[in-house]
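We name chains A, B, ... by the order of the sequence lines, and we start the count at 1 in each one.
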2 protein chains.
Amino acid sequence: MENGQRELTQKLMDAFSRFRRLHRGSPLPGIKHSELRILFRLKKIMTTNERGARISELSKVMRVTSPTVTQLVNGLEERGLVERNVDPNDRRSILVTLTQEGEAVIQEAADAFFAEFSSLVLYLGEEKTMQLIELLTESFDFLRNNSHAKIVGDMGSKE
Amino acid sequence: MENGQRELTQKLMDAFSRFRRLHRGSPLPGIKHSELRILFRLKKIMTTNERGARISELSKVMRVTSPTVTQLVNGLEERGLVERNVDPNDRRSILVTLTQEGEAVIQEAADAFFAEFSSLVLYLGEEKTMQLIELLTESFDFLRNNSHAKIVGDMGSKE
DNA sequence: CTTATTATTTAGCCTACCTAATTATATTGC
DNA sequence: GCAATATAATTAGGTAGGCTAAATAATAAG
């Protein structure tokens, strides 16, 4: 591989790696990003299905395993942001629903979340923001279509 | 907030969220992604400075804390991929160097590891890649410092 | 009615980071 | 020259956000 290209590749990798860490700060004190993702998903699902979402449904749509969803729901349930109810039609399943408190947190968090990104948009300016969006999208599409499944896909498969 | 701005923000959030999911994965069996990043960095630094890299130098350039670097170097040292030596000019510092085994691992891993990203670099081209790196870095630094108030435009001085 | 399948949970582990405090050395101010 | 301060690295312990394998419970299939 040519030298300049190797260096560019390395810098890009580093940039991606740092970037991944951005999602770790909590947008709202007392609530984790992963928990917020559950709440947002739940809200979305409940707009078309009032009965709530099954663990497996959340797991599938969020692309995480069900034990992961279970844990997150545990935390949210303890704080009264969601509720668990056995599905009467299939008692193996549980239906997770948002409580009023959960709704309130979503409202609050959405604003904080949005504020963070919108301040970035202001900081970068319109032109750079559009560039960034375009480049991310382009990269996403390329990597998705070329999923050689090395860096991007599995390869983390435990042996 | 103005409307176009709001839409830009929304798009940026979407792009980030989609993009983040792509960046997962681990390197070759027996070596972690984070360790490989150290090795690559070390190799690069050693091309211009044979004496090796200080922990603080790696920490700075990789934008992780020095305890993190220490831990990673520990693991690599145990497996004989790097060596620690006290800097004779400043005995507080240690100089980390690649061993032959480390070089070998890099060789072995490099093609597989770089393949995905380097194909992206080729796809985007040099100019767009550099743009992307810069924008990601800028965004990272901004969001990390999380200073919503400061919208000062000092866009200089990277690295 | 036994067996297989499915949904969720429990237990325990992993990566990739972090902060606070400690240790060892260097640098500065008097 | 030496006490105070600053800096480099390490140690100790924690966190977020996952994961797998095995256990539990309920349903479906033969």
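Whole-Å rounding puts the A/I31 CD1 to D/dG17 C1' distance at 14 Å. C/dC17 atom C1' lies 13 Å from atom CD of B/E35, rounded to whole Å. In this entry the distance linking CD1 of B/I38 with P of C/dT15 reads 15 Å, nearest Å. As a whole-Å value, the separation of B/I55 CD1 from C/dC17 P is 15 Å. Atom CG in A/L58 sits about 16 Å away from atom C1' in D/dG18, given to the nearest Å. Distance CG (B/L36) to C1' (C/dT15): 14 Å, rounded to an integer number of Å. Atom NE2 in A/H33 sits roughly 17 Å away from atom P in C/dC17 (whole-Å rounding). Straight-line distance from the CG atom of A/L39 to the P atom of D/dG17: 13 Å, rounded to whole Å.
Panel note: side chain B/R41, backbone B/A53; no donor-acceptor pair is recorded below 3.5 Å. In this structure, B/T99 contributes its side chain and B/G80 its backbone to a donor-acceptor pair below 3.5 Å. At distances below 3.5 Å, at least one donor-acceptor pair connects side-chain atoms of A/R79 with backbone N or O atoms of A/G30.
Distances were taken from every side-chain heavy atom of B/R54 (C-beta onward) to each of C/dA26, D/dA9, D/dG17; the shortest belongs to D/dA9. Nearest to the side chain of B/S56, among C/dT19, D/dG17, D/dA9, sits D/dA9. The listed nucleotides are D/dT10, C/dT8, C/dT15; the one nearest the side chain of B/I94 is D/dT10.
In plain terms, the two heavy atoms of B/R37 and B/V64 that are nearest each other are NH2-CG1, 4.4 Å. Smallest separation of non-hydrogen atoms from B/M46 and B/G52: CG-CA, 3.9 Å.
Using a 4.0 Å cut-off, some side-chain N or O of B/R37 falls inside it from OP1 or OP2 of C/dC17.
Using a 4.0 Å heavy-atom cutoff across all strands shown, A/S93 reaches sugar-phosphate atoms only and no base atom. A/D90 comes within contact range of the sugar-phosphate backbone alone, with a heavy-atom separation under 4.0 Å but no base atom that close.
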Full working for side chain to side chain contact (heavy atoms under 4.5 Å, CB included) between B/L136 and A/L132: CA-CA 8 Å; B/L136 285 175; A/L132 181 53; 4.3 Å; yes
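Mapping A/R91 and B/R84 onto DNA chain D by nearest heavy atom places B/R84 at the nucleotide closer to the 5' end.
For the contact set between residues 66-80 of chain A and DNA chain D, defined by any heavy atom under 4.0 Å, the members are A/P67, A/T68, A/Q71.
In the interface, the side chain of B/R92 is paired with the base of D/dT7 through a donor and an acceptor atom under 3.5 Å apart.
Of the candidates B/E101, B/E35, B/E77, B/E77 is the only one forming a side-chain contact (heavy atoms from CB on, under 4.5 Å) with B/V82.
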